[in-house]
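Read through the structure below, which is laid out as structure tokens, and then see the notes.
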Amino acid sequence: MIRTVATKPYDDQKPGTSGLRKKVPVFQQEHYAENFIQSIFDALEGFKGKTLVLGGDGRFYNREVIQKVIGIAAANGFGKVMVGQGGILSTPAASNLIRKYKAFGGIILSASHNPGGPHEDFGIKYNAENGGPAPERITDAIFAKSKTIREYKIVDIGEIDIDKLGTVQAGGMTVEVIDPVKDYAGLMESLFDFNALRKLFESGFHMRFDSMHAVTGPYGKEILENRLGAAKGTCRNFKPLPDFGGHHPDPNLVHAKHLYDEMMGADAPDFGAASDGDGDRNLIIGKGIFVTPSDSVAMLAANATVAPGYRKGLAGIARSMPTSGAADRVAEKLGIGIYETPTGWKFFGNLLDAGMATICGEESAGTGSNHVREKDGLWAVLLWLSIIAVRGESVKEIVTKHWATYGRNYYSRHDYEEVETERANALITALRGKLASLPGTKVRGLTVAKADDFAYHDPVDGSVSEHQGIRVLFEGGSRVVFRLSGTGTSGATLRVYIERYEPDASKHDIETQQALADLIAAADDIAGIRSHTGRAKPSVIT
Ligand code: G1P
Ligand code: ZN
């Protein structure tokens, strides 16, 4: 029976670039999650009788919200919910299911790489029928609905057993509990030469894949160990836990330091990789060498044709604006389009749908292709393995040869986390105010060539997105970029992106922070980071 429940709006349900993210206790407030789920459906049209894909990264509160979504979807008239067993679906796997089964859309429960647990983060995100994050038009409508909501509809279907595979009828709707890995593994098998990868492992190739107790555990086990024959023990921390074992499932050099240290050690395996909470990010480390995400997208693009799924070549490459220009040089050499978009995967959607880009990447460890409409951690791992298998070279050889061919883009991101919001806003406002006066001035011996507040003109739908980050470009191709994070859940995070291009191969082995020292100092001179934030140094350097 459909029950209509009276409710009052919350005023803070504005979805960011990756859905609505809040602390668990916020989501646990009365009707909070229900309001948001109903607001999603209120913002959509034409889903009666259609299919909704549903799953999450397994974090705390995942199971409870899965049940709520099923009840509200049934009451609102969906014909079917396809839910991952145990409530589990990685973000790229959910994107694939939406596309493969022509679902109306999907709801993904995740706060990506943020920590999980009773006092940590939770998130709800809607993906549209192309499998990608809802465009701004839809997220704006969801927010608008959430501000006026007075009631939601729910069917009391009791607890659906989401651990048992199969189909049940509930509240006039079909609920199909599916294997979260099978379709995704099949997709990977269609893109990559699994025989070649099996031979690589048979030849004694050793790797680590660290799932950080998050969603990619079952995917890694099935694909790497079961299907490709990687040694048992290749997959680490593969059991998804509601609190990710108390760790931050963020595959960077801070939170995956154990992997980094192992890869830099004398007994390092050939290849090390990790993925984040919901499986869309990747960390790639070769024996003795870390591959920056910006370099990774360039190198994957340069070598993509080794894999059957990309044998015909790439239509184009897209990267977010703060991502280094390494991919631009590959696109130039291949004679294909390069697109510079604002931060956030959703901006790649139109380019992928229009067939203008094949590979996309962000400096924040997100890489992917037109196979789904999300970034995809395990996909990046499999493409790297394919390149290694076909070229018969180590990661180090592949990277250094790439730099010798294209030049090296030294690159680093400095994050200042949990800065007081007013102080962070003041820094950006002050910076905006002086943009016009910067060109031609000299900072630490570097001449500013151009300074602007990045605006993106979408070549497909003509939409314009303004204020997407402040760029200060220097003569010679170096630059610093400043922007505030759109995904944090407490205070503000200032991100400073620093890049220097070095064409000379004899200067490719300088330590990164040292290579960037002048620019780091210049960034502080220009933006007054220390004085505005009160911080002497960044909280995270990647
Ligand atoms: C961060 C990353 C961005 C990514 C997003 C979602 O956003 O910088 O590249 O798309 O997470 O994973 P930010 O916190 O910088 O707004
Ligand atoms: Zn993620």
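Whatever order the structure lists ligands and atoms in, that order sets their numbers, starting from 1. Keep in mind that what you see is a predicted model, and the values were worked out from it rather than measured.
- Side-chain contact between S275 and M212: absent, with no pair of heavy atoms (C-beta onward) separated by less than 4.5 Å.
- Between L20 atom CG and S146 atom OG the span is 8.0 Å, to the nearest 0.5 Å.
- If you check which protein heavy atom lies closest to atom 9 (O) of ligand 1, you get S364 OG, 2.6 Å.
- In the vicinity of T343, heavy-atom distances shorter than 4.0 Å reach the ligand 1 atoms 3 (C), 8 (O), 9 (O).
- Ring pair Y219/Y184: centre-to-centre distance below 6.0 Å.
- For the pair R530 and D524, the salt-bridge criterion is met [side-chain N within less than 4.0 Å of a carboxylate O].
- Shortest distance from the Zn ion (ligand 2) to D278 is reached at OD1 (N/O/S atoms only).
- Summary: OD1 is the N/O/S atom of D280 found nearest to the Zn ion (ligand 2).
- To the nearest 0.5 Å, atom CD1 of residue I284 and atom CD1 of residue I289 are 12.5 Å apart.
- Interface of G344 with ligand 1, defined as ligand atoms under 4.0 Å from a residue heavy atom, comprises 10 (O).
- Looking at T367 and N282, their side chains do bring a donor and an acceptor atom within 3.5 Å of each other.
- Under a 4.0 angstrom heavy-atom cut-off, S18 registers as being in contact with ligand 1.
- For ligand 1, the atoms closer than 4.0 angstrom to any heavy atom of R495 are 8 (O), 13 (P), 14 (O), 15 (O).
- Taking 2.8 Å as the threshold, S112 counts as a candidate ligand of the Zn ion (ligand 2), since one of its N, O or S atoms lies below it.
- Taking a cutoff of 4.0 Å between a charged side-chain nitrogen and a carboxylate oxygen, D121 and K22 do not qualify as a salt bridge.
- Of the protein's heavy atoms, R281 NH2, 3.6 Å lies nearest to atom 1 (C) of ligand 1.
- Protein heavy atom closest to atom 10 (O) of ligand 1, with residue, atom name and distance, is E362 OE1, 2.7 Å.
- Residue R21 places every heavy atom at 4.0 Å or more from ligand 1.
- Those atoms of ligand 1 with a heavy atom of R413 less than 4.0 angstrom away are 8 (O).
- In terms of polar-atom proximity, Y497 is not counted as a contact of ligand 1, lacking any N or O under 3.5 Å from an N or O of the ligand.
- Residue contacts with ligand 1: S320 is excluded, as none of its non-hydrogen atoms falls under 4.0 Å.
- Classification of the F192-W379 ring pair by plane angle, with boundaries at 30° and 60°, yields tilted.
- Side chain to side chain, D12 and Y32 meet the donor-acceptor criterion of an N or O pair below 3.5 Å.
- In summary, the side chains of D376 and H371 do present a donor paired with an acceptor at a separation below 3.5 Å, with no hydrogens or angles considered.
- For the pair R483 and ligand 1, the shortest N or O to N or O distance falls below 3.5 Å.
- When atom types are taken as modelled, the side chain of R59 and the backbone of S112 share a donor-acceptor pair closer than 3.5 angstrom.
- When only non-hydrogen protein atoms are considered, atom 7 (O) of ligand 1 lies nearest to T487 CG2, 3.5 Å.
- For atom 16 (O) of ligand 1, the closest non-hydrogen atom of the protein is G486 N, 2.6 Å.
- Using a 4.0 Å cut-off to heavy atoms of K375, the atoms of ligand 1 that qualify are 4 (C), 6 (C), 10 (O), 12 (O).
- Of all atoms in ligand 1, numbered sequentially from 1 with element shown, those under 4.0 Å from a heavy atom of E363 are 8 (O).
- Within D276, the N, O or S atom at minimum distance from the Zn ion (ligand 2) carries the name OD2.
- Between D210 and R208 there is no salt bridge, since no side-chain N of the basic residue sits under 4.0 Å from a carboxylate O of the acidic one.
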